[in-house]
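FYI, the numbering just counts along the sequence from 1.
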Amino acid sequence: MRSFNELCKQFEEMNVATYSLALTEKSLKILPVLSAIMQDNLDGITIYSSFILGAVVADGKVTEEEYLLIRPTLRIFFGESIDYETCKTMLRKYRKEGRELKRIVNLMVDVFGELSDELKEDIILVCMMICAADGKISLSEKAWIKQLIR
């Protein structure tokens, strides 16, 4: 993987159309592999949604840019009715349950142990893209991503 800070800068400068295409391509590659792994009674979609939601709430807020980037994925997981306000409400609740987020991060790190280096890199890149959707990967988002890299 290229230098972490170099990748952060590249994603911060990426346009929305490129984000969307890359996120879709990576998701189509990641989901089938995760679906083949059963961990803690969770399926691949649940594990992948945990990565995505973790990336969204890593800085403590969800921006409209982040929402628009992940809206297609959220609709797969939660149905067509999820709008920006519903997403913010859901993520506030998710964030308040700090222990749950920590458990999910630990689960994600455990899942990483079963994946190829290439797939790990793809998941980290997806998380970085989501964190950079608002044009900046904050220090708290970088710290969250680095937990996945360890």
Side-chain angles (χ1 to χ4, degrees), residues 1-2 4-35 37 39-40 42-112 115 119-149:
M1 189 180 282
R2 287 173 270 171
F4 183 74
N5 288 328
E6 188 180 305
L7 278 172
C8 288
K9 184 165 179 56
Q10 179 183 349
F11 287 127
E12 290 170 344
E13 295 171 353
M14 192 178 282
N15 67 52
V16 175
T18 304
Y19 273 125
S20 297
L21 179 61
L23 186 59
T24 299
E25 287 176 356
K26 297 277 185 209
S27 295
L28 290 173
K29 184 178 175 185
I30 293 167
L31 273 170
V33 176
L34 287 180
S35 292
I37 298 170
Q39 179 101 14
D40 202 20
L42 298 175
D43 60 24
I45 290 175
T46 302
I47 292 169
Y48 191 56
S49 67
S50 296
F51 281 106
I52 289 171
L53 293 174
V56 170
V57 300
D59 64 354
K61 61 184 185 241
V62 58
T63 66
E64 193 161 2
E65 294 89 354
E66 288 170 325
Y67 167 74
L68 291 173
L69 179 64
I70 65 166
R71 180 176 51 189
T73 307
L74 290 174
R75 287 185 171 173
I76 291 169
F77 301 137
F78 304 109
E80 289 292 321
S81 64
I82 190 160
D83 60 11
Y84 180 53
E85 290 304 317
T86 304
C87 181
K88 287 193 313 186
T89 301
M90 180 181 70
L91 292 174
R92 267 194 301 271
K93 180 181 176 202
Y94 184 78
R95 197 175 52 245
K96 282 181 184 176
E97 298 169 0
R99 289 189 318 258
E100 183 64 13
L101 183 57
K102 184 176 169 94
R103 185 189 75 76
I104 289 170
V105 168
N106 289 337
L107 173 64
M108 292 184 303
V109 170
D110 290 346
V111 168
F112 260 37
L115 304 176
L119 197 64
K120 289 177 198 178
E121 185 173 312
D122 284 343
I123 291 171
I124 291 167
L125 293 176
V126 164
C127 292
M128 291 177 81
M129 281 187 272
I130 291 168
C131 289
D134 58 1
K136 178 78 176 135
I137 300 178
S138 70
L139 291 176
S140 56
E141 289 170 327
K142 287 178 181 180
W144 184 83
I145 293 165
K146 286 179 180 181
Q147 287 181 56
L148 299 177
I149 296 172

For S20, check side-chain hydrogen bond (donor to acceptor under 3.5 Å, both in side chains) against everything at least two apart and list the hits.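 Once residues adjacent in sequence are excluded, S20 has no partner under the side-chain hydrogen bond (donor to acceptor under 3.5 Å, both in side chains) criterion.
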Taking only residues two or more places apart in sequence or in another chain, which ones pass side-chain hydrogen bond (donor to acceptor under 3.5 Å, both in side chains) with K136?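 In terms of side-chain hydrogen bond (donor to acceptor under 3.5 Å, both in side chains), with neighbours along the sequence ignored, K136 is linked to no residue.
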Would you say K29 has more than 12 foreign heavy atoms packed within less than 6.0 Å of its NZ?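 Above 12, so yes.
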Can you confirm whether L139 is buried at CG, in the sense that more than 12 heavy atoms of other residues, nucleotides or ligands lie under 6.0 Å from that atom?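 No, the 6.0 Å shell around CG holds no more than 12 heavy atoms from other groups.
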Closest heavy-atom pair and its distance - [X], [Y]:
{"X": "M128", "Y": "I137", "value": "O-CD1, 3.8 Å"}
{"X": "V62", "Y": "C87", "value": "CG2-SG, 4.4 Å"}
{"X": "S81", "Y": "T86", "value": "O-OG1, 4.4 Å"}
{"X": "P32", "Y": "S27", "value": "CD-O, 4.2 Å"}
{"X": "L119", "Y": "V33", "value": "CD2-CG1, 3.1 Å"}

Do side-chain atoms of E66 reach the backbone of D134 as a donor and acceptor pair under 3.5 angstrom?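 Such a contact is absent between E66 side chain and D134 backbone.
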Nearest-0.5 Å distance, [atom1] of residue [X] to [atom2] of residue [Y]:
{"X": "L68", "Y": "Y19", "atom1": "CG", "atom2": "OH", "result": "12.5 Å"}
{"X": "K9", "Y": "E13", "atom1": "NZ", "atom2": "CD", "result": "4.0 Å"}
{"X": "E64", "Y": "E85", "atom1": "CD", "atom2": "CD", "result": "8.5 Å"}
{"X": "L125", "Y": "E25", "atom1": "CG", "atom2": "CD", "result": "12.5 Å"}
{"X": "L28", "Y": "L23", "atom1": "CG", "atom2": "CG", "result": "9.5 Å"}
{"X": "R71", "Y": "D83", "atom1": "CZ", "atom2": "CG", "result": "10.0 Å"}

Assess the residue pair M129 and V126 against the criterion (side-chain contact (heavy atoms from CB on, under 4.5 Å)); give the C-alpha distance rounded to whole Å, side-chain angles, the decisive distance to 0.1 Å, and a yes or no. CA-CA 5 Å; M129 281 187 272; V126 164; 4.2 Å; yes
[X] side chain near [Y] side chain, heavy-atom distance below 4.5 Å:
{"X": "Y67", "Y": "K88", "value": "no"}
{"X": "I145", "Y": "K142", "value": "no"}
{"X": "C131", "Y": "F11", "value": "no"}
{"X": "I123", "Y": "L115", "value": "yes"}

